[in-house]
Number of protein chains: 2
Amino acid sequence: MAPMARAATTSDVFNAIAEPQRREILVLLRAGERPVTELAQELGMTQPGASKHLRVLREVGLVRDRKAGKQRLYGLDARGLRPVHEWAGGFERFWNESFDRLDAYVQDLKQARQEE
Amino acid sequence: MAPMARAATTSDVFNAIAEPQRREILVLLRAGERPVTELAQELGMTQPGASKHLRVLREVGLVRDRKAGKQRLYGLDARGLRPVHEWAGGFERFWNESFDRLDAYVQDLKQARQEE
DNA sequence: CCATCATATGCCGTTATGGGTATGCGTCAA
DNA sequence: TTGACGCATACCCATAACGGCATATGATGG
């Protein structure tokens with residue numbers, strides 16, 4: 001059996017946004033389309049670096065590009081973020097509830113200890 | 001200059017949930033606390049495999065564990081998912097709008113081409 | 001066609017990551 | 001104490017992922 005390595009997670013939106021700089025790119029693009037160089041400059045990365053991140057974002061469909069003269073403008077296509085939002089939202093009721101219960105559990109422990 | 005490699009993304013919630021199996025673990029834990037072996041079994045992975053994923057989840061605070069006799073019960077602490085939900089939610093208005101605009105742009109192009 | 005700007009790619013080196021197996025460690029029961 | 005169980009770790013392998021640099025590719029203006 002060949003040792004299986006990391007599962008290919010690219011082409012998965014969750015993986016695409018796992019990278020901080022890619023998240024920053026998406027945030028910047030909310031303000032409108034931008035050429036690669038401008039993105040690279042604003043985020044303090046090299047042009048090839050920006051292009052690579054943009055490629056990942058494009059492959060998962062979070063970004064679209066179109067030619068504009070010599071430049072290539074990248075724009076946001078946030079539809080792919082909806083599943084992320086919904087997935088996380090599926091835990092909404094646990095944000096408060098489950099932890100109150102944990103606290104309660106801790107309290108129980110303390111009491112039990114005192115009663116020994 | 002030492003070539004900088006991948007940025008250390010561990011200890012980051014976004015990275016923790018980038019792994020499909022880890023997301024599955026979180027979903028399972030919504031039904032309540034579970035021992036490691038049970039999780040491993042339900043997800044079809046080895047026990048060490050489950051432990052490793054649980055460790056990552058614990059390190060980013062998405063999961064809590066407590067001893068229960070011989071076992072160790074893992075429970076959900078979904079508070080860390082809130083930032084994810086909110087971050088993705090920050091793009092909510094673009095899910096529809098921005099794409100309508102892209103469509104409009106495409107229409108403009110077609111027209112412009114016909115008018116040439 | 002030539003020079004130039006704007007991007008994308010290729011390649012290299014380093015590190016992160018995931019899976020597998022073996023094993024250490026703590027706990028409980030007899 | 002001994003043996004079995006439950007889980008965490010350590011170690012190894014193979015590969016995916018980032019960053020930097022050099023270079024190919026594309027489009028534009030002369």
Side-chain angles (χ1 to χ4, degrees), chain A residues 1-25 28-29 33-60 62-75, chain B residues 1-26 28-29 33-60 62-75 109:
Chain A
M1 257 300 194
M4 211 166 277
R6 162 189 262 192
T9 46
T10 307
S11 86
D12 174 300
V13 176
F14 282 90
N15 180 65
I17 64 171
E19 237 288 326
Q21 302 201 283
R22 285 197 288 261
R23 288 202 297 279
E24 292 186 54
I25 289 178
L28 270 185
L29 290 182
E33 295 176 318
R34 277 203 180 66
V36 177
T37 308
E38 197 176 316
L39 286 171
Q41 198 176 335
E42 297 191 65
L43 296 178
M45 49 176 138
T46 63
Q47 173 269 309
S51 281
K52 283 177 187 172
H53 282 310
L54 284 168
R55 179 188 179 137
V56 174
L57 292 172
R58 199 192 331 153
E59 285 176 348
V60 302
L62 286 175
V63 145
R64 295 255 169 180
D65 65 295
R66 68 183 177 90
K67 295 182 184 174
K70 256 191 294 192
Q71 299 184 319
R72 178 174 293 262
L73 295 182
Y74 278 87
Chain B
M1 258 300 192
M4 211 166 278
R6 162 189 264 192
T9 48
T10 307
S11 87
D12 176 299
V13 177
F14 283 90
N15 179 65
I17 64 171
E19 234 289 325
Q21 301 201 282
R22 285 197 287 260
R23 288 201 297 277
E24 291 186 54
I25 289 179
L26 293 176
L28 271 183
L29 290 182
E33 295 177 317
R34 277 202 180 68
V36 178
T37 308
E38 198 176 315
L39 286 172
Q41 199 175 334
E42 297 192 66
L43 296 178
M45 49 176 136
T46 63
Q47 172 268 306
S51 281
K52 243 184 171 180
H53 282 309
L54 284 167
R55 178 186 179 135
V56 174
L57 292 172
R58 198 193 331 153
E59 286 177 347
V60 302
L62 286 175
V63 146
R64 295 256 168 179
D65 65 296
R66 66 184 178 90
K67 293 184 185 174
K70 256 191 297 192
Q71 300 184 321
R72 178 174 292 263
L73 295 182
Y74 278 87
L109 274 191

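Sequence lines set the chain letters: A, B, ... in the order given, protein chains first and strands last, and positions in each chain run from 1.
As rounded to whole Å, 10 Å separates atom P of C/dT17 from atom CG of B/Asp12. Per the geometry, CD belonging to B/Glu19 stands 17 Å off P belonging to C/dA16, to the nearest Å. Atom C1' of nucleotide C/dG18 and atom CD of B/Glu24 are separated by 15 Å, given to the nearest angstrom. We find that CZ of A/Arg22 is positioned 15 Å from P of D/dA16, with the value rounded to whole Å. In this structure, CG of B/Leu43 is placed 15 Å from C1' of C/dG18, rounded to the nearest angstrom.
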Letter by letter from the 5' end, nucleotides 4-10 of chain C scores (B base, S sugar-phosphate only, - none; protein heavy atoms under 4.0 Å) -BSBBBB
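Between A/Leu29 and A/Gly75, the shortest heavy-atom contact is CD1-C, 4.2 Å. Between A/Ile17 and B/Phe14, the shortest heavy-atom contact is O-CD2, 3.8 Å. Considering every non-hydrogen atom in both A/Arg22 and A/Asn15, the closest pair reads NH2-O, 3.4 Å.
A donor-acceptor pair shorter than 3.5 Å can be found between the side chains of B/Ser51 and B/Gln47.
Taking side-chain N and O atoms only, B/His53 has a distance below 4.0 Å to OP1 or OP2 of C/dG19. Between B/Asn15 and C/dA16 there is no side-chain N or O to OP1 or OP2 distance below 4.0 Å.
For the pair A/Met45 and A/Ala68, both in contact range of DNA chain D, the more 5′-proximal nearest nucleotide belongs to A/Met45.
The salt bridge (charged side-chain N to carboxylate O under 4.0 Å, His left out) pairs that include a residue from residues 36-45 of chain A are A/Arg34-A/Glu38, A/Arg34-A/Glu42, where partners are two or more places apart or lie in different chains.
Contacts of B/Arg23 classified as side-chain hydrogen bond (donor to acceptor under 3.5 Å, both in side chains), with partners at least two apart in sequence or in another chain: none.
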